[in-house]
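Presented below is the structure to which this report refers.
Just so you know, these numbers use all the heavy atoms, side chains as well, and skip hydrogens, waters and symmetry mates. Naming: A, B, ... by sequence-line order, numbering from 1 per chain.
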Number of protein chains: 2
Amino acid sequence: MTAEPEAKPRRIRNISELAKLAGVSAGTVSRALAGKELVNSRTRERIQALAREHGFRPNQMASRLRTGQTGVIGVVIPLGHEKKQHISDPFFMTMLGHLADGLTEVGYDLMLSRVIPADGEDWLERIVDSGMLDGVVMIGQSDQFAAIERTAAVYPPLVVWGTARPGQRHCVVGTDSFVGGQLAVRHLLSRGRRRLAFFGDTTGLEIEQRLAGARAALAESGSGATLAVYPTHLSQQEMPGQIAADLDRMDPAIDGIFAASDVIAMATVRLLHERHRKVPEDIAIVGFDDLPLATQTVPQLTTVRQDIAAGARTLVANLLRRLAGEATGSTIMAPELVIRESA
Amino acid sequence: MTAEPEAKPRRIRNISELAKLAGVSAGTVSRALAGKELVNSRTRERIQALAREHGFRPNQMASRLRTGQTGVIGVVIPLGHEKKQHISDPFFMTMLGHLADGLTEVGYDLMLSRVIPADGEDWLERIVDSGMLDGVVMIGQSDQFAAIERTAAVYPPLVVWGTARPGQRHCVVGTDSFVGGQLAVRHLLSRGRRRLAFFGDTTGLEIEQRLAGARAALAESGSGATLAVYPTHLSQQEMPGQIAADLDRMDPAIDGIFAASDVIAMATVRLLHERHRKVPEDIAIVGFDDLPLATQTVPQLTTVRQDIAAGARTLVANLLRRLAGEATGSTIMAPELVIRESA
DNA sequence: ATGAAAGCGCTAACAA
DNA sequence: TTGTTAGCGCTTTCAT
C-alpha cells in the first residue's frame with residue numbers, strides 16, 4: 001500500500017495547529033473562520049483557504065460548550081400509553097418532516113428522542129437539562145400532562161403539540177379536538193347515519209376530546225342516534241387485528257364510524273372491504289388528521305383536517321420567540337371537515 | 001406572587017457547586033455521579049441524593065467534549081436529485097423509525113440532518129467532522145455516490161443504505177435492486193402481461209437498477225413483451241399529477257405496471273380506480289418496498305419486499321463494529337416477491 | 001477513598 | 001488588527 005495520491009501535509013486537529021501553520025494566534029483563526037469583520041480580510045481569506053485545503057473544521061462541541069449555545073433542538077415523541085406505537089406512525093412523521101423543514105431553515109439541528117416515559121419519572125427533565133439542547137418540541141402529550149407542566153414551569157423553551165386544558169401553563173399548539181369530533185359526528189348524522197361507532201383509544205388527551213365532541217354533537221342533535229366506543233390500539237401491528245375483531249363483534253346495524261385518526265380509518269376501510277361491506281354505502285367513515293394518505297385510499301377519506309404544516313410553523317415560531325426570551329400563548333387551530341368519498 | 005412551595009436552596013449550576021455543597025471535591029462528585037466504584041459507597045449515595053434533590057444533572061456537552069465521545073449518531077437523508085421530496089416519505093420514515101429503535105436501544109441519540117447536497121460540495125464532510133457525531137448513517141445514496149466514497153475513505157464510522165457498485169469502498173446495506181426488478185417483471189409476465197410500463201425516476205442508483213433488472217427479465221423471457229419507461233417524481237405533491245398525466249397519455253394497451261416504490265404503486269392504483277380501470281383485471285401493478293401501507297390498500301399491493309427492519313438492524317450492527325474499530329463489508333439482502341391482490 | 005491540577009477545543013474580553 | 005489569557009463544565013491522571 002502506498003500513500004494516498006493527494007497526501008496532505010497531515011491532518012490538522014484543532015485551531016491552534018492551524019494557527020501555527022498560518023503563523024497567527026488561535027484567536028485570529030477562530031475569528032477568521034467565523035467570518036468576523038475584525039480580522040484583516042487578507043489574513044481571513046488566507047486562513048480560510050488553509051482550512052479548506054486541510055479539510056479542517058472547528059469542533060462544534062467545544063464551540064458550543066464555550067458559547068453556551070448548542071444549536072440543537074430536541075424533538076421528542078412520548079410513547080406513554082402505547083409502548084408498541086412505532087415512531088413511524090404517519091402522523092408523527094408528517095409532523096417531524098415539517099418541523100425538520102422549519103428548524104433547519106433557521107439553522108437548528110434536530111435531535112430525536114423517542115421516549116417511553118415509563119423508563120423513569122424524570123424523563124423530560126433529563127432531556128431538558130442534558131445541556132445538549134437549546135429547546136424542545138414535543139409531538140404529542142400522551143398521558144404525560146403532569147410531567148410536561150412540571151418541566152414547563154422551569155424551562156421556557158418548550159413547546160408541545162397537543163391539546164389545551166383549562167389553566168394549563170405549557171405552550172401548546174394543536175387543533176380543537178372537541179370541535180373536530182363535533183364536525184365528524186354532525187356530518188355522519190347529516191348523512192342519515194344513526195348507529196355510530198367511535199374507533200380510538202381515549203387514554204391520550206386529544207382523542208378523549210374528539211370523543212367528547214362526538215358525544216356532544218350526538219346530544220345536541222336530539223336524533224336518538226347512538227355511539228358505541230371501541231378503543232383501538234395505535235400500534236401498527238396490533239391495530240388491524242383489533243379492528244377486525246371489533247368489526248366482527250360489533251352491532252351489524254352500525255352504519256357510521258368516526259375513526260380517531262386517518263390511519264385507523266384507512267385500516268377500517270380495507271377491513272370492511274374484505275368483509276364485503278361497502279364504504280360509504282353500507283358504512284360511512286370519517287377519519288381525523290387529513291394526512292397525505294387520506295387522498296390515496298379507495299374510497300378517498302372524508303376526514304377532519306388538522307393543518308399539520310401550519311401547526312409545525314407555529315410550533316417553530318413559538319419556540320423561537322421563547323428562545324428569544326419572549327412569552328407565548330397557546331394556539332388552538334380550527335379543524336375543518338374535508339368531504340371526500342368515505343362519508 | 002410568593003415563592004414556589006418547594007423553594008429549593010437555589011439552583012446548582014455545575015459539578016463544583018454541588019461539590020462545595022457536599023463538602024467534597026469536584027472530582028469526587030464526577031465519579032459519584034458516574035456511579036464509579038472507586039468512591040465510597042456512602043459518599044456516592046449522599047452525593048447522588050443531593051443531586052437528585054437539587055435536580056442537578058451534569059452538562060453533557062462538557063462531558064462529551066472532555067471524553068471525546070458524543071454519544072450521538074447522525075442520520076442523514078440526502079435529497080439530492082429530488083429537492084421537493086419531503087422527509088416524510090414513508091420509506092425514509094419507516095427506516096428512520098427502525099434506526100431510532102436500534103440506536104436508542106444501545107444508548108445513542110439521533111441527530112437528524114435533512115440535506116440538500118446542492119447546498120455545497122462538502123455537505124457530507126461538514127456533517128462528518130462537525131465534532132458532534134460519533135458516526136453517521138445515511139438513508140439512501142441519491143446521486144451522491146462520489147461524495148460518499150470520498151468521505152468514507154477517511155471516515156470509517158459511516159454506513160449507508162443503498163446499493164453496491166462494483167469496487168465501491170463504502171459500507172452499504174441494501175436490497176438487490178436488480179434481482180428485485182427481475183422478480184417484479186417475471187411475475188407480471190407470468191400473469192400473461194405483455195405491454196408493461198415502469199414508473200420511476202432513474203436518477204438514483206437503486207431505481208436505475210430496478211429498471212435494469214426489469215429489462216433483463218424482459219430480455220430473458222423472449223416473450224416479445226415491451227416496457228415503456230415513465231420517470232415519476234418522488235415528491236408527494238408532484239407525484240399524483242404526474243402519474244395521472246402519464247396514465248392518460250400512455251398506450252391504452254398497457255396491461256402491467258412495475259412501480260419503483262409502493263408509494264408510486266398506491267397512487268397509481270387510486271388514479272386507475274378513478275379512471276374506471278380495474279386492478280389487477282385491466283392492469284396489474286407490482287410495487288416495491290413492502291411498506292406497512294402495502295397491506296392497507298384496496299386491492300392490497302403485490303410488491304417486492306425489502307426487509308427494512310432487518311436492514312436497519314444490519315446498519316446499526318455494522319456501524320457499531322466500525323465504531324469499535326473493526327472493518328465491515330457490505331450486505332446485500334435478497335428481495336422477495338410478495339403476492340397479494342394487485343398483480 | 002479523595003483531592004489537586006491539567007486539559008478537551010474553542011471563544012471573547014482585554015490589551016497592545 | 002492581532003495576541004494573550006481566562007475560562008465553558010467536565011473527566012482523569014497523579015499524588016496523597
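Bracketed by its first and final contacts, the part of DNA chain C lying under 4.0 Å from non-hydrogen atoms of chain A reaches from C/dG9 to C/dA13 in 5' to 3' order.
Within the 4.5 Å cutoff, no side-chain heavy atoms of A/V136 are placed close to those of A/P157. Side-chain contact check for A/I308 versus A/F91: some heavy-atom pair is nearer than 4.5 Å. Counting heavy atoms from C-beta on, the side chains of B/F92 and A/M93 never come closer than 4.5 Å. Contact of the B/F56 side chain with the B/I15 side chain is registered, since non-hydrogen atoms from C-beta on lie closer than 4.5 Å.
When rounded to the nearest whole Å, the span between CZ of B/R13 and C1' of D/dG9 equals 12 Å. We find that CE of A/M132 is positioned 15 Å from P of D/dG9, with the value rounded to whole Å. One interatomic measurement links the two molecules: CD of A/Q60 to C1' of D/dC8, which rounds to 15 Å at whole-angstrom precision. Atom CG of B/N14 and atom C1' of D/dG7 are 12 Å apart (whole Å). Note: CZ (B/R66) to P (D/dG7) measures 19 Å, nearest angstrom. Whole-Å rounding puts the B/K36 NZ to D/dT11 P distance at 8 Å. For the pair A/L65 CG and D/dT11 P, the computed distance is 12 Å after rounding to whole Å. Atom CG in A/L38 sits roughly 13 Å away from atom P in D/dG3 (whole-Å rounding).
For D/dT1, the OP1/OP2 oxygens have no side-chain nitrogen or oxygen of A/T43 closer than 4.0 Å.
Summary of helix geometry: the two end axes of the helix from C/dA1-D/dT16 to C/dA16-D/dT1, each defined by five base pairs via their C1' atoms, are inclined to each other by 40° (rounded to 10°).
Of the candidate nucleotides D/dC10, D/dG3, D/dC8, D/dG3 has the atom lying nearest to any side-chain atom of A/R31.
Of all heavy-atom pairs spanning B/T163 and B/F145, the tightest one is O-CE1, 4.5 Å. Among all heavy-atom pairs drawn from A/L112 and A/L96, the shortest one is CD1-CD1, 3.9 Å.
Residue B/S30 is in base contact, counting any heavy-atom pair closer than 4.0 Å across all strands shown. Within 4.0 Å (heavy atoms only), B/G68 reaches no atom of the nucleic acid at all.
Remark: of the listed residues A/N14, A/L18, A/L21, A/L18 is the sole one forming a side-chain contact (heavy atoms from CB on, under 4.5 Å) with A/V29.
For the 3.5 Å distance criterion, the side chains of A/H54 and A/E17 fail to qualify, holding no donor opposite an acceptor.
Dense packing is recorded around CD of A/E326, with more than 12 heavy atoms of other residues, nucleotides or ligands lying under 6.0 Å away.
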